[in-house]
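Some notes on the structure that comes next.
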Protein chains: 2
Amino acid sequence: MSERVPARERLLKAAAELFYRDGVGATGIDTITAHAGVAKMSLYNNFASKSDLVKAYLDARLEEWHVLYRERLATAATPREKLLAVFDSYVDHAELAYGWGFRGCGLLNAAAELPVGDAGRATVAFQKEEVEQLFKDYLRQMKPAAAIDETAEHLSFVLEGAMARAGLDGHDGRLKAARRIAISIVDQL
Amino acid sequence: MSERVPARERLLKAAAELFYRDGVGATGIDTITAHAGVAKMSLYNNFASKSDLVKAYLDARLEEWHVLYRERLATAATPREKLLAVFDSYVDHAELAYGWGFRGCGLLNAAAELPVGDAGRATVAFQKEEVEQLFKDYLRQMKPAAAIDETAEHLSFVLEGAMARAGLDGHDGRLKAARRIAISIVDQL
DNA sequence: TAAAATAGGTAGATCGGTCTACATAAAGAT
DNA sequence: ATCTTTATGTAGACCGATCTACCTATTTTA
């Protein structure tokens with residue numbers, strides 16, 4: 001019955017909740033270690049600094065979304081369904097955060113707190129670029145003659161805008177609306 | 001040559017720059033007063049607390065956008081032009097922040113740092129609701145038979161999504177793209 | 001001269017980060 | 001089967017710096 005959980009894992013779980021709920025800057029080292037039920041030195045044995053933990057937090061959120069997206073992708077047959085799987089994975093990811101009090105995209109929120117040169121901002125920018133690239137790929141498969149770049153950017157704006165609004169009023173109806181809008185956009189190409 | 005500027009005004013100007021550039025949480029009281037060239041007590045003579053100053057900062061940004069929007073509105077003749085004036089005022093507002101290092105919408109960034117119950121979040125949510133309502137009004141004047149609510153939400157997503165993306169890659173080309181997208185949306189209603 | 005802004009300082013908490021000293025447990029060596 | 005090494009985790013003191021908030025006393029301004 002060895003239910004032993006490594007300190008690193010406990011720290012990442014605690015950081016995930018606290019960083020998302022209270023913000024990166026407002027969450028101190030002591031709060032994280034206390035919430036993880038772990039000694040302070042266990043944090044510095046596993047991470048070089050708080051920024052390093054923040055970076056790991058962002059990478060974990062990115063990977064978390066990747067998993068949800070690939071799950072949705074597995075059940076998608078057509079390029080159109082694959083494109084919509086991106087929106088569905090956003091809804092799925094939002095629902096993961098409901099227990100913590102939904103506050104929008106954890107990556108975007110964290111990026112808003114990070115200084116301009118910070119490495120974490122690159123992680124966030126990368127994910128948004130990746131989503132836009134996915135839209136381009138699927139659009140190209142759907143309608144090779146369409147204005148791919150413009151439409152992909154349009155879809156990215158709709159998705160991220162819905163997430164921003166959802167973060168403010170605290171429900172994911174916005175994300176489902178974004179999905180409906182995306183359908184109308186791709187279906188009238 | 002009385003170039004005397006009241007302490008309150010100097011504080012708001014310093015707070016505007018520092019809160020936007022470095023974030024609300026990362027900016028301390030002493031930094032603000034030093035940057036304003038003002039005594040610490042002048043802050044507490046004019047504002048009840050730091051949160052009060054943050055609230056004033058948000059209100060000032062909201063009013064700042066209102067001014068820019070009304071300026072654009074004055075040169076708009078048709079409902080279509082008035083609707084686009086919203087997008088233009090966003091570009092104008094973004095350009096105000098260029099000297100500080102553009103980091104996206106100051107209201108959205110600050111809201112990402114504020115706790116869920118904070119009064120400042122209401123200010124931010126209000127501004128986004130207001131924009132969506134403006135879209136509804138102008139759309140109704142343009143095409144009374146169109147799907148007003150859905151289209152207004154669509155336009156809001158495009159605008160706020162463009163702002164979110166712009167905040168990550170640091171230029172307002174995204175906002176100009178959003179304007180072009182908005183034109184295509186309203187012109188094919 | 002009365003009001004407002006000034007400089008400078010204090011209180012008390014919290015921050016990120018470092019350090020010491022000890023406990024536990026599995027793996028390798030004999 | 002015993003000893004030793006190496007990993008990892010523990011508790012808790014401690015560091016310098018910074019935070020908000022508030023105070024006092026002096027100077028400036030109107």
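Proteins come first, then strands; the chains are lettered A, B, ... in the order of their sequence lines, and each starts at number 1.
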Looking at C/dG9, does its base get a donor-acceptor pair with the side chain of B/K40 below 3.5 Å?
yes
Partner of B/V131 under side-chain contact (heavy atoms from CB on, under 4.5 Å), picked from B/K128, B/Q127, B/E129, is B/Q127
Rounded to whole angstroms, how far apart are CD1 on B/I29 and P on C/dG9?
19 Å
Mind calculating the distance between CZ (A/R10) and C1' (D/dT10) to the nearest angstrom?
12 Å
Just to be sure I understand the rule, does A/T27 reach a base, reach only the sugar-phosphate, or reach nothing, if contact means heavy atoms closer than 4.0 Å?
sugar-phosphate
With a non-hydrogen cut-off below 4.0 angstrom, is B/G37 in contact with a base, only sugar-phosphate, or nothing?
sugar-phosphate
Side chains of B/E153 and A/R174: does their closest heavy-atom pair fall under 4.5 Å?
yes
For [N], take OP1 and OP2 only and decide whether either is under 4.0 Å from a side-chain N or O of [X].
X     : N      : value
B/Y44 : D/dA21 : yes
B/N45 : C/dA3  : no
B/S42 : C/dA4  : no

Any side-chain donor-acceptor pair under 3.5 Å between A/D137 and A/Q141?
no
Below 30° counts as parallel, above 60° as perpendicular, anything between as tilted: where do the rings of A/W65 and A/Y90 land?
perpendicular
